[in-house]
Amino acid sequence: MMKLFAANWKMHKTQAEARQTAEELVRLVGSGLAADREVLLTAPFTALAATAQGLAGAARFSVGAQNFYPETHGAFTGEISPAMLQDAGASWALTGHSERRHVLGESDGFVGRKTAFGLAAGLNVIFCVGEKIEERKANQLAEVLTRQISLGLADVPRDVSPQRLCVAYEPVWAIGTGLVAGPAEILEAHALVRSQLAAIFGSAGREVRILYGGSVKPDNAAEIIALDNVDGVLVGGASLKADDFSRIVLA
Ligand code: PGA
């Protein structure tokens with residue numbers, strides 16, 4: 001299975017900055033990208049085309065968006081469709097990121113609608129899940145992941161190509177905090193996600209990549225990526241500088 005190293009630039013970078021970071025990343029990674037690895041940069045809408053220009057078609061590097069609206073077109077002021085993202089160079093998009101859930105108020109149902117719609121529209125999707133600290137303390141990890149995954153994937157066709165869907169486990173308490181989940185916590189959560197994917201998709205559920213996200217840095221990436229059921233990482237803060245992110249990609 002190809003491991004996916006995904007950057008989430010969030011609300012950072014102008015067009016010029018995005019182009020420069022993408023160019024620098026390709027230069028730093030050079031010919032060192034392992035044969036079983038691919039890289040994705042999820043950029044702000046305004047910087048998608050510039051990010052694609054910066055990558056200049058480098059093999060196994062692609063561009064993604066961080067959000068979209070689940071309609072093809074229409075009276076949805078301020079929103080953007082999957083086709084518009086593809087037109088700007090994106091082949092992937094995130095759904096269910098904790099900042100969309102907890103800052104922007106997206107429900108499990110809306111996240112599910114977006115996930116199914118994005119896949120049907122031809123985007124590859126990284127669907128994100130994860131528990132809040134109070135849910136972890138109340139021993140609700142399994143309950144939260146089961147709810148988020150069953151509602152989030154409810155309308156995804158059972159025969160979806162497993163390469164087009166990833167699930168990112170991102171404990172909310174580890175995002176942007178410097179508090180990385182420990183190996184035992186990652187193993188437990190990823191095993192729960194894997195068993196639910198198998199229950200939903202059967203044997204194809206073993207081919208859906210499960211990414212870890214939450215304070216991944218150059219010095220912890222190698223240990224995390226080597227864990228069972230960790231098929232990639234989703235990186236926020238440490239993806240903003242090409243130097244840091246290249247060290248994660250090459251870890
Ligand atoms: P972080 O963010 O790497 O800055 O913790 C991860 C994410 O939000 O996807």
Side-chain angles (χ1 to χ4, degrees), residues 3-13 17-18 21-22 25 37-45 47-48 51 62-68 85 90 92-106 111 114-115 118 123-133 135-136 144-145 148-149 152 165-183 185-186 189-190 193 208-225 227 229-251:
K3 292 198 190 277
L4 180 63
F5 289 71
N8 176 9
W9 284 348
K10 308 193 181 187
M11 200 170 74
H12 294 283
K13 296 194 185 293
E17 289 164 349
T21 308
L25 181 69
R37 294 188 176 194
E38 59 181 323
V39 181
L40 169 67
L41 303 178
T42 73
F45 300 142
L48 289 171
T51 305
S62 42
V63 178
Q66 299 164 20
N67 186 35
F68 59 88
L85 300 179
W92 286 83
L94 306 179
T95 62
H97 190 277
S98 73
E99 286 144 24
R100 304 275 342 152
R101 292 177 187 270
H102 304 304
V103 182
L104 284 305
E106 292 191 8
V111 170
K114 293 210 301 195
T115 304
L123 287 169
N124 302 326
V125 172
I126 299 177
F127 160 62
C128 308
V129 297
E131 82 289 3
K132 295 192 274 195
I133 192 65
E135 292 167 330
R136 170 163 285 270
V144 169
L145 295 184
Q148 290 178 336
I149 293 172
L165 175 67
C166 297
V167 177
Y169 169 64
E170 298 201 302
V172 179
W173 48 271
I175 295 180
T177 57
L179 289 173
V180 66
E185 291 163 326
I186 297 176
H190 282 229
V193 173
V208 174
R209 286 174 285 184
I210 307 175
L211 316 183
Y212 171 77
S215 296
V216 176
K217 306 287 177 211
D219 62 0
N220 61 24
E223 183 191 11
I224 292 170
I225 199 76
L227 295 171
N229 281 318
V230 176
D231 309 307
V233 285
L234 179 55
V235 187
S239 73
L240 291 171
K241 290 197 181 115
D243 180 49
D244 291 338
F245 194 52
S246 70
R247 287 193 283 139
I248 292 173
V249 167
L250 298 172

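Indexing begins at 1, ligand by ligand and atom by atom, following the structure's order.
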*How would you list, by chain and number, every residue that makes a side-chain contact (heavy atoms from CB on, under 4.5 Å) with Ala174, sequence neighbours excluded?*
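Ala174: side-chain contact (heavy atoms from CB on, under 4.5 Å) contacts with Pro171, Tyr212.
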
*With sequence neighbours excluded, tell me which residues meet side-chain contact (heavy atoms from CB on, under 4.5 Å) with Asn67.*
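Scan of Asn67 (side-chain contact (heavy atoms from CB on, under 4.5 Å), adjacent residues dropped) gives Phe45, Arg100, Glu106, Lys114.
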
Which heavy atom in [X] sits nearest to a heavy atom in [Y], and how many Å separate them?
X: Ala7; Y: Leu41; value: CB-CD2, 3.7 Å
X: Ile248; Y: Val216; value: CD1-O, 4.1 Å
X: Val208; Y: Asp231; value: O-OD2, 3.9 Å

_I'd like the contact residues of ligand 1, where contact means a heavy atom below 4.0 Å._
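Asn8, Lys10, His97, Glu170, Ala174, Ile175, Gly176, Gly214, Ser215, Leu234, Val235, Gly236, Gly237.
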
*With sequence neighbours left out, write down each residue that passes side-chain hydrogen bond (donor to acceptor under 3.5 Å, both in side chains) with Thr21, or none if nothing qualifies.*
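By the side-chain hydrogen bond (donor to acceptor under 3.5 Å, both in side chains) rule, Thr21 matches Lys13.
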
